[in-house]
Amino acid sequence: MNNITYINNKFVKHSNAKISVEDRGFLFADSIYELIGVFNKEIIDTDQHLNRLDLSLKKVKIKYRFNKEKFKKIITKLIKLNNIFNGYIYIQITRGVAERKHEFPKKYKPTTIIFTKHLNIDKKIYEKGVKIITIPDLRWLRRDIKTTSLLPNVLSKQLAIEKNAFESWLIDNGNITEGSVSNAWIIKSSNTIITHPANNKILKGVTRDTVIKILKKNNFNIKERSFNLIEAKNAKEAFLTSSTLSVLPVVKIDNYNVSNGKPGDITKKIMYLYNNYIVKNKNSLAKELKIAWLNQ
Ligand code: PDD
């Protein structure tokens with residue numbers, strides 16, 4: 001079956017979805033994006049993602065007739081057409097096609113593309129947890145904007161892979177901000193759960209916000225504050241979050257084992273709670289993952 005992609009008001013075969021070489025998204029990364037997880041055919045936190053998309057447009061001053069209901073219709077249609085069970089929806093909006101000059105064109109028509117992808121969930125990483133490395137955060141100071149200008153993130157993630165790790169946690173001024181593609185969390189021996197405050201130094205993850213809401217509702221002690229590498233290495237447990245990874249245990253930071261190198265009990269509980277949230281129909285992701293303890 002053909003994979004269908006949306007481009008500028010048209011649904012076309014994915015391989016026929018083309019942009020101009022003079023698109024400012026391509027030339028300058030003058031463009032923003034959103035990535036929305038789909039689990040068990042359910043689109044997760046649609047409103048929150050679309051609200052952030054609208055906010056990103058405003059922050060980079062792309063003039064756009066934003067219509068949330070239209071986006072909802074398009075993404076629902078694509079999920080059906082492309083038969084996505086587990087996967088994601090990718091939305092990108094650029095400042096359109098214009099002669100290559102840095103300043104905004106006087107008139108422009110933004111480019112909009114939306115495509116979907118299937119994701120095979122790797123059960124092992126949830127059962128065993130992952131290793132992360134720490135490296136300097138070399139990004140700009142508007143990390144709150146979900147821009148496609150991602151070269152420092154790309155290089156950080158690549159370095160992790162080259163070091164046989166899953167993700168890099170980035171250090172700015174002594175503090176861990178977030179991962180190259182995810183938000184970073186630690187759990188102290190006092191059971192306090194800590195993640196960086198949502199300011200210009202991190203992307204305010206939708207999964208991060210949802211997990212905070214779930215934790216508060218379940219009476220966990222949660223603190224949005226900076227933490228440094230020493231605190232992270234001495235943490236009782238650690239995990240990361242993103243729309244494609246959900247809640248993923250971290251068991252090694254550089255060469256230090258966290259929670260004896262195995263996913264900790266509190267992290268498992270948070271995975272269970274988040275899993276329940278995303279699959280309203282009784283733990284189907286847990287069944288899919290066949291992780292026994294997730295069903296406990
Ligand atoms: N990344 N921080 C960064 C730098 C990210 O790129 C992401 C998401 C997150 C988590 O945000 P959310 O929970 O809204 O997915 C935090 C996406 C998945 C990506 O670019 O592939």
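Keep in mind that what you see is a predicted model, and the values were worked out from it rather than measured. One-based numbering, in listed order, for ligands and for the atoms of each. Just so you know, residue 1 is the first one in the sequence shown, and it goes up from there.
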Please name all residues satisfying side chain to side chain contact (heavy atoms under 4.5 Å, CB included) with K68, sequence neighbours left out, ordered by chain then number.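 Checked K68 against side chain to side chain contact (heavy atoms under 4.5 Å, CB included); matches are D47, L50, N51, F66, K72.
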Polar pairs, ligand 1 vs protein, N/O only, below 3.5 Å.
unit_1, atom_1, unit_2, atom_2, d
ligand 1, 1 (N), V181, O, 3.3
ligand 1, 2 (N), E178, OE1, 2.6
ligand 1, 13 (O), V206, N, 3.4
ligand 1, 13 (O), T207, N, 3.0
ligand 1, 13 (O), T207, OG1, 2.6
ligand 1, 14 (O), R52, NH1, 3.0
ligand 1, 14 (O), R52, NH2, 2.9
ligand 1, 14 (O), V206, N, 2.8
ligand 1, 15 (O), S243, N, 2.9
ligand 1, 15 (O), S243, OG, 2.6
ligand 1, 20 (O), Y33, OH, 2.6

Among pairs that include at least one residue of residues 214-233, which meet ring-ring contact (aromatic ring centres under 6.0 Å, His included), considering only residues two or more places apart or in two chains?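 Listed once each, the pairs would be none.
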Salt bridge between R52 and D144, side-chain N to carboxylate O under 4.0 Å?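 So R52 does not pair with D144 through a salt bridge.
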Roughly how far apart are I114 CD1 and K77 NZ, rounded to 0.5 Å?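 Result: 11.5 Å between the selected atoms.
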Going by ring pair (Phe, Tyr, Trp, His ring centres under 6.0 Å), name the residues that satisfy it together with F11, two or more places apart in sequence or in a different chain.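 For F11, the residues satisfying ring pair (Phe, Tyr, Trp, His ring centres under 6.0 Å) (neighbours in sequence not counted) are Y6.
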Aromatic centroids of F28 and H102 separated by under 6.0 Å: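 Yes, ring centres under 6.0 Å apart.
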